[in-house]
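First the proteins, then the strands, lettered A, B, ... as listed; each starts at 1.
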Protein chains: 2
Amino acid sequence: MTIREVARVAGVSAATVTRALSTPEVVRPATRQRVREVAASLGYHPNRAARGLITGRTGNFGLLVPDLANPFFPSIVKGVQGRAHEADHAVFLADTDEDPAAEAGLVRKLAKQVDGIVLCSPRMAEPELRALAGEVPTVLVYRRVPGVPSVTAEFLDGMRQAVSHLTALGHRRIAYVAGPRTSWANRERVRSLRAVTRRSEVELTEMGNVIPQFPGGVSVADRVLAAGVTAVIAYNDLVALGLLHRFAARGVAVPDDISVLGFDDIPLAEMVHPALTTVALPKEEAGQAGVDLLLHLLDRRTAVRRELPTQLMVRGSTGPAR
Amino acid sequence: MTIREVARVAGVSAATVTRALSTPEVVRPATRQRVREVAASLGYHPNRAARGLITGRTGNFGLLVPDLANPFFPSIVKGVQGRAHEADHAVFLADTDEDPAAEAGLVRKLAKQVDGIVLCSPRMAEPELRALAGEVPTVLVYRRVPGVPSVTAEFLDGMRQAVSHLTALGHRRIAYVAGPRTSWANRERVRSLRAVTRRSEVELTEMGNVIPQFPGGVSVADRVLAAGVTAVIAYNDLVALGLLHRFAARGVAVPDDISVLGFDDIPLAEMVHPALTTVALPKEEAGQAGVDLLLHLLDRRTAVRRELPTQLMVRGSTGPAR
DNA sequence: ACTGGCGATGAAAAGGTTTTCAGACCCGAT
DNA sequence: ATCGGGTCTGAAAACCTTTTCATCGCCAGT
């Protein structure tokens, strides 16, 4: 069912058909009406590939995530997918399996099928990222690179909430279990934490770096206990859950013996016992904002930056210092 | 970066470039080598829209999931995405937000941009599903409909493993917390469970139906305790985690007072304490198999059915009956 | 009556690839 | 020397749509 067939049946040229459908105001009402009726009765829908070929617009977005199995990401994907859908765009999803080297290749591969790409927590180095952003309209989510539109969260404020909460409970010696050294998110966390604790009476012990997964937390738990702190802030919730798991196995009571605080607020955080106190980062909102920024970039060709609020979720894993 | 540019640099025609890349055996080795090198160095990837225009194949697959935030699905998506990628296909992801009415619309919308669709645990009714499968090449994952290619798991065997495990531990009174009444998965579970317990000395108490989420488990936990059973099998892991959570809050010891057994083996299952004994369903493998069946369907136009093995994972939440 | 301008339409080009068909070349056989 | 056959390559058509440019007819204004 092609445009020519519609044109033939309606007794007009193909040009008039496309006009009647996509810029109706330029065709005579009678003609427009007739063409649209014929198109509808024949069940005609323009071939998107052919349209994309000439307009350069595909009506699709790309979305790259490092690891969909990491519970931090699915909500972001939902946000992106939902908002993209509202804007009548479909979403290509690609999972890079935490391989920084694979990212650029996937982006370039997707590039010609999409109008723009949302890069979620990309692991690749900044220069390469900047180069990529020059080739394809790109928005970063949870990564910041000057000149590239990005969605992040107020880490500093989140960390301030976390530390204030702990000091209010009487904690003075706090450990931080760091994530991967090369991770942008980890650098942001460390920077924020140091800034917040600098002029306070808090004594900060940094340990790590661990992989940002459950086993990472398990592996460092005993060292945390040996450090003689009364509270520990983990790089993220998965690491915090690893700590909780190992603490439970060793009979260490949380929060009576030690308080544990995570970062992200993944769904699991409130399913465990004790439920995890954590700094919630916007996820679905971040995905939506990413699409908004992409639409803005495509429309007005300007790079915008957006910083979303964070919120400490106080649950059962933090309590008064011993 | 078009095929012409590659052709120009390599000193051949566009036809030779496309041959060197897609049907290498028909071009002289020296030419082939040179063309491929030039293409690689220029970062050339064929424009898929243009290719699709002439071949009729888009090189894309669609993937529908009910809710990506449900931890059962991300791994399936990874499986689909990974295998599709190996077959040089990109994947459109759509999340239906558990809305059966939205499914058909999304499929039809995606239909024109893809060669086929993987429908993951679709919630829609069977007749509608059958109609859809007639319009677009479709493969079902975790749903079975006669005549439509499908990937499922050996629920009966999984349930047998679960019940044998419990009876070996001395359990005789077992509760089953059912999922949504309309859910295909729940019907399969119930059918398997009844078949397995029919001629045994096990006394089965069915309760529910609950929503297949954490709060569903929380909400039914007290009724489970009141039922006087020594073990409970939950519709899925999320419900089981809800049970564990409420049991912990009430001071009921697991597995000393009651054994808890889940279904799915989502990643959280081994992160909680006690870790959850559960029947593992293949997830990534199911996604891969879905793509395999889709490729098979497109290639040979025949519908295949595949049933993957299940495996009981014994962890800390089950123990000897009191 | 003529010009200018406007509204509506069609013809044709463009977009990037694959495929078909024909041609060029080389080798071995007659 | 010619021919047949095989291998490799290039030119051109085809896929379907949108957009540009040109044409046509008509009306208002002079």
| request: Specify the angle, to 10°, made by the local axes at the two ends of the helix from C/dA1-D/dT30 to C/dT30-D/dA1 when five pairs are taken at each end. | output: 60°
| query | By side chain to side chain donor-acceptor pair (under 3.5 Å), which residues pair with A/Glu188, not counting sequence neighbours? | reply | A/Arg191
| Which part of the nucleic acid does A/Thr55 contact within heavy-atom distance under 4.0 Å: base, sugar-phosphate only, or nothing? | sugar-phosphate
| side chain to side chain donor-acceptor pair (under 3.5 Å) involving B/Thr23 - partner list, sequence neighbours excluded | none
| Please, which pairs that meet salt bridge (charged side-chain N to carboxylate O under 4.0 Å, His left out) have at least one residue in residues 51-73 of chain A, sequence neighbours excluded? | A/Asp67-B/Lys78
| remark: The complete set of salt bridge (charged side-chain N to carboxylate O under 4.0 Å, His left out) pairs with one or both residues in residues 14-26 of chain B, sequence neighbours excluded, reads none
| note | Whether each nucleotide of nucleotides 9-14 of chain D has a protein heavy atom under 4.0 Å at its base (B), only at its sugar-phosphate (S) or at neither (-) is summarised, 5' to 3', as BBB--B
| field | Which residues share a ring pair (Phe, Tyr, Trp, His ring centres under 6.0 Å) with B/Phe73, sequence neighbours left out | value | none
| query | Once the angle between the rings of B/Phe155 and B/Trp184 is folded into 0 to 90°, is it parallel (under 30°), tilted (30 to 60°) or perpendicular (over 60°)? | reply | perpendicular
| remark: Those residues at least two apart in sequence (or on a different chain) that pass ring pair (Phe, Tyr, Trp, His ring centres under 6.0 Å) with B/His85 are none
| request: Starting from P on D/dT17, measure out to CG on A/Leu53 and report it in whole angstrom. | output: 12 Å
| note | Footprint ends on DNA chain C, 5' to 3', for atoms under 4.0 angstrom from a heavy atom of chain A, come out as C/dA8 to C/dG16
| request: Not counting sequence neighbours, which residues clear ring pair (Phe, Tyr, Trp, His ring centres under 6.0 Å) with A/Tyr44? List them please. | output: none
| said: How many whole angstroms separate atom NZ of B/Lys112 from atom P of D/dT17? | reply: 12 Å
For a quick test of your reading: what N or O donor-acceptor pairs under 3.5 Å do the side chains of residues 100-109 of chain B make, sequence neighbours left out?
unit_1, atom_1, unit_2, atom_2, d
B/Glu103, OE1, B/Arg123, N, 3.2
B/Glu103, OE1, B/Met124, N, 3.1
B/Glu103, OE2, B/Arg123, N, 2.9
B/Arg108, NE, B/Glu135, OE1, 2.9
B/Arg108, NE, B/Glu135, OE2, 3.3
B/Arg108, NH2, B/Glu135, OE2, 2.8
B/Lys109, NZ, A/Asp88, OD1, 3.1

| task | Rounded to the nearest angstrom, tell me the gap between atom CD in B/Glu25 and atom C1' in D/dG6. | result | 16 Å
| message | Tell me which pairs pass salt bridge (charged side-chain N to carboxylate O under 4.0 Å, His left out) where either residue lies in residues 285-308 of chain B, with sequence neighbours left out. | response | B/Arg83-B/Asp292, B/Arg144-B/Glu307, B/Asp292-B/Arg306
